[in-house]
Student: 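Dropping the structure in here first, questions after.
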Amino acid sequence: GWCPLEVTISTRTVPQGLVLELGETVQILEKCEGKLPMLKTANGIFPANYIHLKKAIVSNRGQYETVVPLEDSVVTEVTATLQEWAVLWKQLYVVRAVDLFYKLRHVMNELIDLRRQLLSGHLTQDQVREVKRHLTVRLDWGNEHLGLDLVPRKDFEVVDSDQISVSDLYKMVRNSVEDCSEFSLWEGKKRKCFYSLLFHVFLFKMVLCNNENEWCQIHENIIRKAETMNLFGFFPGLIISLQLLRGDMEQIRRENPMIFNRGVSVTRKLGFPDVIMPGDIRNDLYLTLEKGDFERGGKSVQKNIEVTMYVLYADGEILKDCISLGSGEPSRSAYHSFVLYHNNSPRWGEIIKLPIPIDRFRGSHLRFEFRHCSTKDKGEKKLFGFAFTPLMRDDGTTLSDDIHELYVYKCDENSTFNNHALYLGLPCCKEDYNGCPNIPSSLIFQRSTKETFSVSTQLSSTKLTQNVDLLALLKWKAYPDRVMDILGRLRHVSGEEIVKFLQDILDTLFVVLDDNTEKYGLLVFQSLVFIINLLRDSKYFHFRPVMDTYIQKHFAGALAYKELIRCLKWYMDRSAELVRQDHIQEAMRALEYLFKFIVQSRILYSRATCGMEEEQFRSSIQELFQSIRFVLSLDSRSSETLIFTQAALLNSFPAIFDELLQMFTVQEVAEFVRGTLGSMPSTVHIGQSMDVVKLQSIARTVDSRLFSFSESRRILLPVVLHHIHLHLRQQKELLICSGILSSIFSIIKTSSLEGDVVEEVEMMVESLLDVLLQTLLTIMSKSQSQEAVRGQRCPQCTAEITSFSFGQQGEYVSCLLSLLRQMSDTHFQHLLDNFQSKDELKEFLLKIFCVFRNLMKMSVFPRDWMCNAVKFLPLSQVWNSYFSLAVLFINQPSLQLENATPPKRKKILDKYGDMRVMMAYELFSMWQNLGEHKIHFIPGMIGPFLGVTLVPQPEVRNIMIPIFHDMMDWEQRKNGNFKQVEAELIDKLDSLVSEGKALPVHAPCVVLLEKIEQETWRETGISFVTSVTRLMERLLDYRDCMKGDETENKKIGCTVNLMNFYKSEINKEEMYIRYIHKLCDMHLQAENYTEAAFTLLLYCELLQWEDRPLREFLHYPSQSEWQRKEGLCRKIIHYFNKGKSWEFGIPLCRELAIQYESLYDYQSLSWIRKMEATYYDNIMEQQRLEPEFFRVGFYGRKFPFFLRNKEYVCRGHDYERLEAFQQRMLSEFPQAIAMQHPNHPDDSILQCDAQYLQIYAVTPIPDNIDVLQMDRVPDRIKSFYRVNNIRKFRYDRPFHKGPKDKENEFKSLWIERTTLTLTHSLPGISRWFEVERRELVEVSPLENAIQVVENKNQELRTLISQYQHKQMHGNINLLSMCLNGVIDAAVNGGIARYQEAFFDKDYITKHPGDAEKITQLKELMQEQVHVLGVGLAVHEKFVHPEMRPLHKKLIDQFQMMRSSLYHVSQYSLFPFLNYMIKHLSIAVSPESIKLVHRHRYPLFFPKIQGLCTMFHQGSRI
C-alpha cells in the first residue's frame, strides 16, 4: 500500500534513517507492526503517530508509479512557496535584514495557519474564498519583497500565461500589486485571520419574575436589566447552540439533511422576507392579545379573567385548526389565554398566528369570550362578556396592521351564540360605530361602556391586501367603468405592496390588455414600465429574479407582444417631436424587461399556433429597430432632453441581446446591433457626455454573450473598431477604449484556442495596429514630460498623474502585445504587403522600434515581463521548415541502402558514404544550436524525428535518440514533467502502426534508458520509457494480428487489450475512441451485434446531452455533442435489436424519449416509443436460445501476453455445446494441448514454452434473483435474466470424502464448488472476459441434498405455473415427464435415498450440528409433496384420455411417496426431541413449542404439543 506523509525529522545522521524536510512527500510502501529485525532498540524507521496521512493520486501503479498529493492547488502552491522561502529567509538573517526577517517570519506563520484552516474542511464556501484571498495576498507580498516573480492568478488559481491574452495577464498582475499594496498598509500590525465555526454556544441564565403583572414585558425588563428580575441561584441556566445556515430553504434541506431528520420545525419570518418568489403563497394573520379593562361586577375582589378566542366563518361554523400557538405546535380550533390572579386590567402580550385559508378569509370573524375562573371550584368558569371583529372590511380590504380597541358586550352562561347574526350587526369598535349610528337599544347583547379589550394585528399575505387602489386593480372586473382610472392610480400604490403582489398585478395587467387592447393598451404599457423601473430602485433591486421567474414560468400573455412592440415603437417615433420626454425615457430604461416580455410572449404564441405570423413578428422587430436607429441618429447637441433619451436607450440596449438570441439567429441579431451602433453619429458630432455613454454601450456589447460567437464577432467587429479608431485618433476617452480593447483581445485569445480567428485578427491589425502605436507614443511622450516637471508639483499631485499615465501606458502596451501575439506569419506578411511605398513601411518600422525602445527604458511591466515585448518575431517557421526538409531527405526511398543490391550498396557507400548518417549529424547539430529555444519546438517536431528513427540504420537511430532525451529534459525543466512529449510520442507511434510501418523496440529504448539513468528525474523517465515499451509491444501484437490470418477472436482480444491500455494506463481518450470503433467494426464483421452495441456504448457514455460543438472526427461530421450522442444511441439500439438483446435497448429508448420530450420533438418521440413497444412484443413473441458458457485457461509462455497464464469465461454461440467449443478453440490455437482434468495447473505448466488449453462448461449465477422467483413472470422473460448480466459462474466437481458407502453413495458424496468472478459482466464488449477472482468451497452431502431438492421444487413450481396461467398450451408431455421423474425417483431412489442417508437415527446422533439442516430438508420434502399434489391436479385437468393410465400410475406412486415421507418424519421426530432434552436443556412448554416449531413440523404439530403437555408439570424437559 502507499500513503504520502508530511513529517519533520532531525538532520543528524542516524542509522537506517530518512532525512526529510517539512512538506516533503514520502510514499510509504509498507507498515510493519512491532520492531524491525535489524533494529534491536528502535521501533521502526519512524513512529506511526508522527505521520500525517494525505490523499493522493498514484499514476502508473507498479515499480515506477508516481504519487501526486490530491489537494487544493492553493495549498500545493503555499507548500512549495514556503519551502522556497525557507532558504531565502535564512539568508535574510545572515545578511542582517532584521526587519524583513521578522516580517517574513510573521507572514510565514500566517500562511501556515491559513493553510491549516483550508485543510481542515470545516469552512463554508465563502470562508474558503476569503482564506484563499488572504493566502494569495501574502504569497504575492512575500514574492515581491524577496525579489521573486509575481504569479498571475484567476480566482486564486495560477493561470497558464499561454492560455490567456497579455491584457488579462496585465490586469491580473496589476491586481496582485494592488493587493500587495493594500496588505503593506497594515503589514506592521499584528492582525490575525480568525474564522469561527458556524456553531455558537450560548448560556441563557434563568430569571424569576416576581410580579406576574409584568410578565407581558419580561423581555424588555431583561434587556433593561430591571431590578425586579432575580436570577435562579441554584440553577446555572439553559445552554443552547445556534447555527447560521445560508441559502433558500430547498438548498438548506439539500445540504443539511441530518438536521431535518430530527423533527425540526420551520418558522417563517414575522412579516415578509427580502424576496418573494412567484409561487410563494402565504396567508398568515398574527394577532397579539394586548390588554383588557373590565369591571369588578359587584365582587369584593378582582376577577381571574380567561380569554377564549374562536375563528368563525360567515355561516357561524368554527374553523378547525386555524389557530397556532407556536412553531412546531399542533394547530387548534380555540385559544385559551393564561389567567392573571385577581386582575381586572390584565396585560397578556401573547402572539397567536392565524393561518386562515384564503377562501375562508372573507366573511370570517374573531370572537373573544371572557370568563371568570373561580378559585374555589377549579372547574367553574363563568361567561360574563365577549368581543368580536371581522377579518375583512366591506370594501374588501383586510384588517389594518394596528392596535384595535374592541367593544365588550355583556352576556352570561345562558347566552347562546348559535345565531351569530345577533351580534355581527353590532359595531365591533369605534370606527365601526361611526359607520352605523342608528342602533336599536332592544338588542339581546348590550355594550359595556366601561370595559374595553385591545388586540393588535399584522397581516403577512401574498393574496390579501390592505390597499384600496391595489384591491381595485386586482378586482377590476367588478368596476368596468373605472378601469382607466384604476390603471392610472397604480403609480400611487407603495412599492412594498407592488412587489408583494407582483405576480398577481402582472397577471391582472395582461388580462386587462387582452380584454381591450385598443382602449387599455397604452395605460397597461405605462403601468408595466412603472413596475419595471420600480425594480431598478436599489430598494427593490433584489426582486428582479422574481420578475425573471415570473416571465419564464408564470407569464401567459401570448398576444401581449404585439401591443408592447406597438407602444414601444410609438414612444420612439415621438421622441423627435415631444419637448417633455419623461415617459419615453422611462420606457427606454425598461427596455430590457420589455423585450423579455415581448420574446416570451412570442414564444408562447408560437407554441400555441405552431409558428404562425412569424414573418409579421420579424417585420415588426425590424421596424422597431428602425425606430431605435432613428432615435440614436437624431442630433442631440441642441436638446438636453433628447440627450437623456438617447443615453437611456444606449444604457439599456445591450441588455436585450440575450432575449433576441432566443428568436433570431446569431447573425441576424448581430446585423440588428451593427445597424444600431452604426447609426450613432461619430465622436466629432456629439458632445462629451454622449461620448462616454456610447463607449459604455459598446463595452457592454463586447462583454455580452453575443460577442462571444465568432459568427457575430465578424459582423460587429468592424463597427466597434471604427468607433474605437475614431476615439484613439482624437485621443478621447482612452481609459474606456483600453478596457474595450482588453475585452476584445481576451475573447479573441479564448476563441483562438477553439477555432480559427485569422479573419478577426486581420481586421484588428488593419484598424488598430498603427493607431495603437501612435497612441502609445503620445502617452509615452506625456509621461516623459510629466517626469521632467515632477519637481515643480506637490508630491500628491505628481503621484496621481504618474499613476494614471503609467496605468494607461500599461493598458495599451498589453493591448499591443496581445495583438502581436495573435498575429501569425500570414498576418505579418499581409501587413508588409499592404504598405504602398517604402516610406510608409519606414514610418511604421520607426514607430514600432521607438515604442519598444521606450518600453525597454520604462518600467511598464515587472522585470520578468520584458521578454514579452519580443515574442512576436516569427523565426520559428524557418527552423520548422529546415527540420522538416532534413527528415524528408533522410527518409527518401533512394537513400534506403537496405533495399539495394549488395554491389549497388557498396558503390554508393564507397563514393558518397551513408548520406542519411551525415544528415542526421547535421540535424542533431542544428538542434543543439537552438539552445534555450528548443522548448518552442516541443512537441511539434516529435513526429518528424520519430519518422527518422524508423530508418533501419542503427547509427541514425543512435544519433536521434539523444534528441528525444533532450526534449524530455527541456520540458521537465519548464513544466516539471514531459507530458507533451509523452502524448505526442504515443500519438505518432499509433499512427505509424496504423500505416503498417515497422517499429524499433528494444535498442532505442535501451539507449534512452541509459541517458535517463543520469538524470534527477530518472524515475518518471524510466516509467515513461517502460510505458512506451509496453505500448509498442501491444501495438506490434495488434499489427501482427491485423496483418496475419488470425481468427476474429484473437483480433478482438488484442484490440480490447490495446483499447484498455489507452484508457486505463496512459489515459489517451482520442486513441481510446478510435479503437472503440475498430472493435465495433470487428464485432459487426463477426455478426456479434450485441457486443458491437456494448462497444459503441463506451463512446456514447463519454458524451453528454449538451450543445457543445464537436469537430469532425473519424466518420462523424462536425456537429453538436447532442446530435452525435443521439446518432450513437440510435445505432446502438439498432445493434441490440439485431442481436435480440431488446432488454438492453429499452433503457436507451427511454433515454432518447426523455430528450425528445424535453425538446418537444414529438415525431421522434413517437418513433422511439413505437420502437420500445416493438421490443416488448419481441421479448414475448420471438424465440431466443440460451447460450452456454465455457471457462478457458490459457497456460504456457507460447500464448500472446494478453492471454498468457490467464483464465477466461466465454459466451458460446447459438447451439454451440462443449465439444463444438473445444474444437473451435483447438482450431484457433492449433499448437495447443487440451488438458483433460479441471485441476489448476502447477508452475511447470505455467512456465513451459508450450500452449495448454483447459476448457470446461460453467453454470451462470444470475444477479437478478427476484425476477426468477416470481411465478407470474413468463419464462421467456426469465430466460433472459438467467444468462445475461452475468458476472459470476459456478463449476461443481463431485467427490467422495472418506470411505464410500456402497449401499447409499449419497452419504459420502461431497461437491467441490468453484465460483469464478469476471472483470466485466457477460455479454459485454467481448464474448469473453478474464476471471479476476475464484472462490472454492466444499458442499457437504446434506447441503447438496438440500440444494438438489430446492432446485427441483423451483423447477416444478415454474413449470406448473406456466400451465396454470396458460403460458404453455396443448401438449403436456413436458409436465408429465417432470412429474414422473420426480415421483418415480422419490419412490425408487432420490428422496428415498436422502431419507435413508440423513434421517437415520445413527446419522442424527453422530451429527448433532446438522439438526437444523435436517429439518430444512424435511420441510423441502414436504413442500415437494405439496407442489407435486398441485402439479398432479393441473395434470389431471389437461391430460389427454389416452394418457389416463400414466396419470393413475403417478397418483398411486404419489400416495406411496407421501405415506413413506410421513412415516419417516413422524418417527424421526423423537430423536430430535431427545437431542433437545439431552443437550440443549431448554425450558419447553406447549406455547414455546408452538412458537418455535410450528413452521418446521406442520404435519405433526399436534403430536409435539401433546408430548409437551405430558411434561408440563415440571419446569424443564
Side-chain angles (χ1 to χ4, degrees), residues 209-218 220-221 286-312 318 323 325 332 334-352 354 365-391 399 402-417 420 422-434 436 439 441-457:
C209 181
N210 297 327
N211 185 355
E212 68 174 13
N213 293 327
E214 297 180 355
W215 177 254
C216 63
Q217 56 185 15
I218 186 171
E220 289 80 1
N221 291 339
Y286 292 92
L287 182 139
T288 304
L289 212 65
E290 296 287 353
K291 62 182 179 179
D293 290 302
F294 302 96
E295 292 181 318
R296 185 171 293 186
K299 292 183 178 290
S300 58
V301 294
Q302 298 187 28
K303 297 177 182 178
N304 306 317
I305 300 172
E306 179 191 72
V307 181
T308 304
M309 183 186 71
Y310 300 95
V311 183
L312 297 96
I318 296 177
I323 299 175
L325 302 185
R332 55 187 67 189
Y335 160 74
H336 300 277
S337 70
F338 62 85
V339 180
L340 294 175
Y341 184 71
H342 288 175
N343 192 335
N344 282 346
S345 300
R347 303 290 186 270
W348 293 283
E350 284 199 75
I351 300 177
I352 308 112
L354 306 178
H365 67 279
L366 304 178
R367 187 173 72 218
F368 305 90
E369 300 176 1
F370 310 111
R371 288 179 173 81
H372 167 63
C373 302
S374 172
T375 55
K376 296 179 180 179
D377 186 356
K378 300 299 183 182
E380 181 183 359
K381 298 180 181 180
K382 294 184 179 180
L383 179 69
F384 67 86
F386 75 95
F388 71 94
T389 178
L391 297 179
L399 206 60
D402 202 352
I403 296 178
H404 308 279
E405 187 174 298
L406 305 181
Y407 288 165
V408 177
Y409 290 90
K410 296 180 179 180
C411 62
D412 54 28
E413 285 295 327
N414 298 323
S415 302
T416 176
F417 295 108
H420 60 282
L422 294 175
Y423 63 81
L424 284 181
L426 299 174
C428 65
C429 58
K430 183 176 180 180
E431 293 81 7
D432 201 12
Y433 180 83
N434 296 333
C436 47
I439 301 174
S441 58
S442 60
L443 293 174
I444 186 172
F445 299 115
Q446 295 296 326
R447 177 192 164 204
S448 176
T449 57
K450 296 182 180 180
E451 294 181 318
T452 59
F453 175 69
S454 298
V455 296
S456 61
T457 58

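Just so you know, these numbers use all the heavy atoms, side chains as well, and skip hydrogens, waters and symmetry mates. Given the structure is predicted, the values throughout are model-derived calculations rather than measurements.
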Student: Indicate the ring-plane relationship of F294 and W348, choosing parallel, tilted or perpendicular according to the 30° and 60° boundaries.
Tutor: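 Rings of F294 and W348: perpendicular, as their planes differ by over 60°.
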Student: So, R347 side chain and S345 main chain: donor-acceptor pair closer than 3.5 Å or not?
Tutor: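 A pair under 3.5 Å: yes.
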Student: Looking only at heavy atoms, which two atoms of H336 and T308 are closest? And how far apart?
Tutor: ND1-OG1, 3.2 Å
Student: At what distance, to the nearest 0.5 angstrom, does CD1 of I351 lie from OG1 of T288?
Tutor: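 Taking CD1 in I351 and OG1 in T288, the distance rounds to 4.0 Å.
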Student: Do you know which two heavy atoms are closest between E306 and C373, and how far apart they sit?
Tutor: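 E306 and C373 have their closest heavy atoms at CB-SG, 3.8 Å.
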Student: Compare all side-chain heavy atoms of I352 with those of L325 and state whether any distance is below 4.5 angstrom.
Tutor: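 The answer is yes, as the side chains (C-beta and beyond) meet within the 4.5 Å cut-off.
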Student: Measuring only between side-chain heavy atoms, which start at C-beta, is H365 closer than 4.5 Å to L391?
Tutor: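 No, their side chains stay 4.5 Å or more apart.
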Student: How about I323 and L354: do any of their side-chain heavy atoms sit closer than 4.5 Å?
Tutor: yes
Student: Are Y409 and Y423 close enough that some pair of their side-chain heavy atoms sits under 4.5 Å apart?
Tutor: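 A side-chain contact under 4.5 Å is absent here.
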Student: Which atom pair, heavy atoms only, marks the closest approach of F453 to A387?
Tutor: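 That would be CD2-CB, 4.3 Å.
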Student: Please step through side-chain contact (heavy atoms from CB on, under 4.5 Å) for the pair F368 and V408, ending with a clear verdict.
Tutor: CA-CA 9 Å; F368 305 90; V408 177; over 6 Å; no
Student: Has the side chain of N344 got a donor or acceptor atom that lies under 3.5 Å from a matching backbone atom of Q302?
Tutor: no
Student: Output the distance between atom OH (Y407) and atom SG (C429), rounded to the nearest 0.5 Å.
Tutor: 7.0 Å
Student: Within this structure, what is the CZ-CG distance for the pair F388 and L366, rounded to the nearest 0.5 Å?
Tutor: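 Between atom CZ of F388 and atom CG of L366 there are 11.0 Å.
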Student: Quick one, C411 and L383 - any side-chain contact, counting heavy atoms below 4.5 Å?
Tutor: yes
Student: side-chain contact (heavy atoms from CB on, under 4.5 Å) between V307 and E369: does it pass, once the steps are laid out?
Tutor: CA-CA 6 Å; V307 181; E369 300 176 1; over 6 Å; no
Student: Going by heavy atoms in the side chains, are L289 and Y335 under 4.5 Å from each other?
Tutor: yes
Student: Mind listing the closest non-hydrogen atom pair of F445 and K410 along with its distance?
Tutor: CD2-O, 3.8 Å
Student: Measure the spacing between CG of L426 and CD of Q446 and express it to the nearest 0.5 Å.
Tutor: 8.5 Å
Student: Looking only at the side chains, is there a donor atom on one of T452 and E405 sitting less than 3.5 Å from an acceptor on the other?
Tutor: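 No.
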Student: Compare every heavy atom of I305 with every heavy atom of N343, then report the nearest pair and how far apart it is.
Tutor: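 In this case the closest contact between N343 and I305 is O-CD1, 3.8 Å.
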Student: Using 0.5 Å steps for rounding, measure from the CG atom of L287 to the CD atom of E350.
Tutor: 11.0 Å
Student: Less than 4.5 Å apart, any side-chain heavy atom of H404 and any of L399?
Tutor: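 Touching, per the 4.5 Å side-chain cut-off.
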Student: Could you check whether any side-chain N or O of H342 sits under 3.5 Å from a backbone N or O of K303, counting only pairs where one atom can act as donor and the other as acceptor?
Tutor: no
Student: Please round to the nearest 0.5 Å and tell me the distance separating atom OG of S456 and atom CG of D402.
Tutor: 8.5 Å
Student: For a 4.5 angstrom cut-off between non-hydrogen side-chain atoms, does E451 reach D293?
Tutor: no
Student: Of the non-hydrogen atoms in Y310 and A334, which two are nearest, and what is the gap between them?
Tutor: CE2-CB, 3.4 Å
